[in-house]
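Values in this document were obtained by computation on a predicted structure and should not be read as measured data. Each chain gets a letter, A, B and so on, in the order its sequence line appears, and its residues count up from 1.
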Number of protein chains: 2
Amino acid sequence: MISGLKTGLKKLKEAGFKLTPQRRVIFEVLESSDKHMSAEEIHKRVKERYPRAGLATTYRTLDLLKELGLVTNINLGEEHKHYELAGKCHYHLVCLRCGDVIEFGSNFFGKIEKGLSKDHGFEVTDQNVEFHGYCSKCRQKGEKIDDLACGYEG
Amino acid sequence: MISGLKTGLKKLKEAGFKLTPQRRVIFEVLESSDKHMSAEEIHKRVKERYPRAGLATTYRTLDLLKELGLVTNINLGEEHKHYELAGKCHYHLVCLRCGDVIEFGSNFFGKIEKGLSKDHGFEVTDQNVEFHGYCSKCRQKGEKIDDLACGYEG
DNA sequence: ATTTTAAATGAGAAGAATTCTCAATTGGGA
DNA sequence: TCCCAATTGAGAATTCTTCTCATTTAAAAT
């Protein structure tokens with residue numbers, strides 16, 4: 001994980017931003033959940049801890065945290081933007097039929113990341129990997145699983 | 001690429017949907033562009049070829065094509081949903097500061113895909129891989145590029 | 001070719017999500 | 001403690017997406 005509470009807030013401050021209670025709480029909410037949440041969901045939880053928090057602040061803070069690389073947002077399936085702490089390195093299987101999202105871990109990507117740094121001068125802070133397709137429940141019998149989209153050989 | 005015009009429309013038809021001019025045109029528009037577009041951009045181009053097309057139809061068709069696995073949507077950076085033909089196997093570097101998206105190719109993923117089929121019974125039709133971080137222009141001097149988020153070894 | 005019928009469409013209203021505005025508040029340096 | 005730019009809350013405004021429903025149409029049946 002890229003940042004615990006202390007590390008994250010420290011980074012905020014180092015970048016010249018104020019440490020407001022709202023920002024603390026939003027960060028805490030993100031930390032306390034192990035799954036991605038919509039802005040609305042995050043705001044709901046923020047208000048439980050800090051009732052006078054405004055929705056706009058949640059949006060503003062999420063944007064700010066995203067720009068600082070502390071938070072990442074993904075957009076799986078039909079739903080709206082979801083946010084989570086950056087650096088969690090989740091990989092998602094998104095079913096196009098039922099919308100189910102299966103998470104899985106992988107350690108294939110470190111090598112690629114380092115290559116990116118070299119080839120493009122790009123500093124990776126987070127990654128979002130989605131495989132779209134059909135889950136076992138939704139797959140129709142007779143569909144060949146070998147019939148994959150990309151011709152890559154790996 | 002998963003589907004040329006013929007293949008794609010054939011799949012639509014096989015699934016029991018009608019082959020309307022609108023759907024043809026939307027498919028053509030997606031085919032004729034090599035980059036992902038917002039629904040609004042797609043609709044604009046559709047109307048150039050078929051002026052009385054309605055926006056709702058564009059949305060409906062994009063959803064339909066997505067469910068059929070013919071179109072994929074991604075959400076890079078701040079902007080709204082973008083669509084493109086599925087199976088293009090693009091990989092994106094998204095700069096959190098300037099929003100630039102650098103595309104790159106890779107052939108590391110075929111192996112993973114096949115593993116997914118085996119382990120999860122998941123049939124992959126398309127993939128979206130994003131690495132978030134800072135591009136070479138936006139990286140500040142002194143930032144260590146080795147300080148990557150994930151501890152994976154590859 | 002004509003008929004038939006459910007699917008698809010266009011137009012604009014409706015609904016959601018996100019951003020903006022601005023007066024009031026506040027964190028944190030001086 | 002004082003000060004001031006940064007931040008906030010509230011709700012308006014904007015933008016994106018979906019819905020409604022009367023009309024049109026693809027394509028199967030005749």
Side-chain angles (χ1 to χ4, degrees), chain A residues 8-29 36-68 70-83 99, chain B residues 8-29 36-68 70-83 99:
Chain A
L9 295 180
K10 195 178 149 211
K11 196 164 178 184
L12 241 191
K13 196 155 192 205
E14 281 171 358
F17 297 99
K18 290 182 180 175
L19 238 56
T20 65
Q22 291 89 337
R23 284 172 179 170
R24 277 174 200 280
V25 173
I26 289 166
F27 208 92
E28 281 167 23
V29 166
H36 45 83
M37 294 172 281
S38 70
E40 209 76 44
E41 281 174 291
I42 292 168
H43 183 62
K44 184 169 150 272
R45 297 196 189 191
V46 166
K47 279 183 66 166
E48 286 168 8
R49 304 190 192 200
Y50 195 88
R52 66 198 183 82
L55 178 58
T57 296
T58 296
Y59 275 104
R60 281 185 293 229
T61 301
L62 288 172
D63 273 355
L64 176 61
L65 295 176
K66 198 171 69 178
E67 205 172 317
L68 290 172
L70 296 169
V71 156
T72 191
N73 71 334
I74 54 180
N75 187 237
L76 304 170
E78 311 282 0
E79 303 162 58
H80 297 266
K81 270 186 202 167
H82 280 61
Y83 298 82
Chain B
L9 296 181
K10 195 177 150 212
K11 196 163 178 184
L12 239 192
K13 195 153 192 204
E14 280 171 359
F17 297 99
K18 290 182 180 176
L19 238 56
T20 66
Q22 291 90 336
R23 286 172 178 170
R24 278 172 198 279
V25 172
I26 289 166
F27 207 93
E28 280 167 24
V29 165
H36 45 83
M37 295 172 281
S38 69
E40 208 75 43
E41 281 174 290
I42 292 168
H43 183 61
K44 187 169 149 272
R45 296 196 190 193
V46 166
K47 280 183 66 167
E48 286 168 8
R49 303 190 193 200
Y50 195 88
R52 66 199 183 83
L55 178 58
T57 296
T58 296
Y59 275 103
R60 280 184 293 229
T61 301
L62 288 171
D63 273 356
L64 176 61
L65 294 176
K66 198 171 69 180
E67 206 173 315
L68 290 173
L70 296 170
V71 156
T72 191
N73 70 333
I74 54 180
N75 187 236
L76 304 170
E78 311 282 1
E79 304 162 56
H80 297 266
K81 269 185 203 165
H82 280 60
Y83 299 81

The single option from Ile74(A), Asn73(A), Ile42(A) passing side-chain contact (heavy atoms from CB on, under 4.5 Å) against His36(A): Ile74(A)

When you match Ala39(A) and Tyr50(B) each to their closest nucleotide on DNA chain C, which lands nearer the 5' end? Tyr50(B)

[X] to [Y] - nearest heavy-atom pair and separation:
X        : Y        : result
Glu28(A) : Arg49(A) : OE1-NH1, 3.2 Å
Ala53(A) : Val46(A) : CB-CG1, 3.8 Å
Lys11(A) : Leu68(A) : NZ-O, 3.4 Å

Taking [atom1] from [X] and [atom2] from [N], how many angstroms apart are they, rounded to a whole number?
X        : N       : atom1 : atom2 : answer
Leu62(A) : dA17(C) : CG    : P     : 15 Å
Leu64(A) : dA6(D)  : CG    : P     : 13 Å
Leu9(B)  : dA27(D) : CG    : C1'   : 16 Å
Leu55(B) : dG10(C) : CG    : C1'   : 10 Å
His43(B) : dG10(C) : NE2   : C1'   : 10 Å
Tyr59(B) : dA11(C) : OH    : C1'   : 15 Å
Glu40(A) : dG15(C) : CD    : P     : 16 Å
Asn73(B) : dC16(D) : CG    : P     : 15 Å

What nucleotide, of dA27(D), dA10(D), dT9(C), holds the atom closest to the side chain of Ala56(A)? dA10(D)

Looking at dT7(D), dA27(D), dT9(C), which one has an atom nearest to any side-chain atom of Leu19(B)? dA27(D)

Taking only the side-chain nitrogens and oxygens of Thr20(B), find out if one of them lies under 4.0 Å from OP1 or OP2 of dA7(C). no

Is Gln22(A) near enough to dG9(D) that one of its side-chain N or O atoms lies under 4.0 angstrom from OP1 or OP2? yes

Hey, does Arg52(B) reach any base, or is it just sugar-phosphate, or nothing, if we go heavy atoms under 4.0 Å? sugar-phosphate

With heavy atoms under 4.0 Å as the rule, sort Pro21(B) into base, sugar-phosphate or nothing. sugar-phosphate

Contact nearer the 5' end of DNA chain D, comparing Lys13(B) with Arg60(B): Arg60(B)

Specify the residue among Lys18(B) and Tyr83(B) whose closest nucleotide of DNA chain D lies further upstream toward the 5′ end. Tyr83(B)

Any donor-acceptor pair under 3.5 Å joining the side chain of Arg23(A) to the base of dG27(C)? no

Any side-chain heavy-atom pair of His43(B) and Val29(B) under 4.5 Å: no

